[in-house]
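Residue numbering restarts at 1 for every chain, and letters A, B, ... go by the order of the sequence lines.
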Protein chains: 2
Amino acid sequence: MNAELTATENQIKDYRLKLGDKIRIVREQRGYSQEQLAELMNINRSTISKIENGKFSITVDYLVRFSIFLDYEFKVVEK
Amino acid sequence: MNAELTATENQIKDYRLKLGDKIRIVREQRGYSQEQLAELMNINRSTISKIENGKFSITVDYLVRFSIFLDYEFKVVEK
DNA sequence: AATTTATAGCGTTGCCCCCGCTGTTTAATT
DNA sequence: AATTAAACAGCGGGGGCAACGCTATAAATT
């Protein structure tokens, strides 16, 4: 049942979950419910829920939207 | 013909283009052609070309793949 | 109980694959 | 120098499937 994942696939999965957690944490820090943030961002509430729970991989466009409305910064930096 | 863009849409567009540039620059720093990197990442060369030119918004999964194979880090940081 | 969140199903859109063609640059050969 | 070949990148289009919208309902948290 459980397909083996490559190291790369594991890193991708891990990052997806960590990003969802991060978004949830920041949203709560800002005092928004999912519904409030959804309305503010003009996207669907269920989409926010799915993103926070890592149900799919969001596009960078959405990442930027979160960064705008949560006042966060997403950066590409040297290791 | 030219649709007006909201401030948010402009920021999204700008980020997409900047990200494409960044990927191109790092790829070249690493000494890869688009074809070499595509083979390494096991994705399509035209996809890399389109990403570098901001033709569509990639998913975070792909962003993580780039960060792995170009040895870059993608971070969520405070402003 | 009221509010918030998770999840499921279904429809639409667009990401990404794959192939092919073109234009440009650089290298090799004559 | 001129020609040819090869490497590289941009771009277009058809197709498959996952992202995301929408609605409804269940579950969880307070």
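- Under the 3.5 Å distance criterion, the side-chain polar atoms of A/S57 are matched with a main-chain donor or acceptor of B/D61.
- Proximity of A/N53 to the phosphate of C/dA6: a side-chain N or O atom is located under 4.0 Å from OP1 or OP2.
- Looking at the side chain of B/T47, the nearest of the listed nucleotides C/dC17, C/dA8, C/dC15 is C/dC17.
- Comparing C/dC16, D/dC20, C/dC17 by their closest approach to the side chain of B/I43 singles out C/dC17.
- Residue B/R45 places none of its side-chain N or O atoms closer than 4.0 Å to OP1 or OP2 of C/dG20.
- One atom, CG of B/L63, and another, C1' of C/dC15, lie 14 Å apart when rounded to the nearest Å.
- Heavy atoms of B/K55 sit under 4.0 angstrom from primed sugar atoms or phosphate atoms, though from no base atom.
- With B/S46 as the fixed residue, the side chain to side chain contact (heavy atoms under 4.5 Å, CB included) test singles out one of B/I43, B/I48, B/N44: B/N44.
- In summary, A/R24 and A/D21 engage in a salt bridge, as defined by a charged side-chain N under 4.0 Å from a carboxylate O.
- Computed from coordinates, the A/I51 CD1 to C/dT7 C1' distance equals 15 Å when rounded to whole Å.
- A/L19 has its CG atom 13 Å from the P atom of D/dA19, to the nearest Å.
- For C/dT4, the OP1/OP2 oxygens have no side-chain nitrogen or oxygen of A/R24 closer than 4.0 Å.
- Rounded to a whole Å, the CD atom of A/E39 is 15 Å from the P atom of D/dG21.
- Taking only distance into account, the side chain of B/S46 never meets the base of C/dC17 through a donor-acceptor pair shorter than 3.5 Å.
- The interatomic distance linking A/I23 (CD1) with C/dA6 (P) rounds to 13 Å, in whole Å.
- Applying the 4.0 Å criterion to OP1 and OP2 of D/dC22, one finds that A/N44 has a side-chain N or O inside that range.
- For B/K50 and C/dG14, a side-chain-to-base donor-acceptor distance below 3.5 Å is absent, hydrogens and geometry of angles not being considered.
- Straight-line distance from the CG atom of A/N42 to the P atom of D/dC20: 15 Å, rounded to whole Å.
- In this structure, B/I48 reaches neither bases nor backbone, as no heavy-atom distance under 4.0 Å exists between it and the strands shown.
- In terms of modelled atom types and a separation under 3.5 Å, the side chain of A/R30 and the main chain of A/L70 share a donor-acceptor contact.
- A/S49 comes within 4.0 angstrom of a base, heavy atoms only.
- The CD1-C1' distance, from B/I58 to C/dC17, rounds to 15 Å in whole Å.
- Comparing atom distances between the A/E52 side chain and each of C/dC16, D/dA9, C/dA6 picks out C/dA6 as nearest.
- Of the candidates B/R27, B/E39, B/E28, B/Q34 forms a side chain to side chain contact (heavy atoms under 4.5 Å, CB included) with just one, namely B/R27.
- When each of B/E35 and B/D61 is assigned the nucleotide of DNA chain D with its nearest heavy atom, B/E35 is the one assigned upstream, toward the 5' end.
- Contact annotation for A/T59: backbone-only contact, meaning every heavy-atom pair under 4.0 Å involves sugar-phosphate atoms and none involves a base.
- Side-chain nitrogen and oxygen atoms of B/Y32 include none within less than 4.0 Å of the OP1 or OP2 phosphate oxygen of D/dA7.
- Counting only heavy atoms from C-beta on, B/R16 has its side chain closest to C/dC15 among D/dC8, C/dC15, C/dC18.
- Rounded to an integer number of Å, the gap from A/Q34 CD to D/dT30 C1' is 16 Å.
- Other residues, nucleotides and ligands contribute only 12 or fewer heavy atoms inside 6.0 Å of the CD atom of A/E35.
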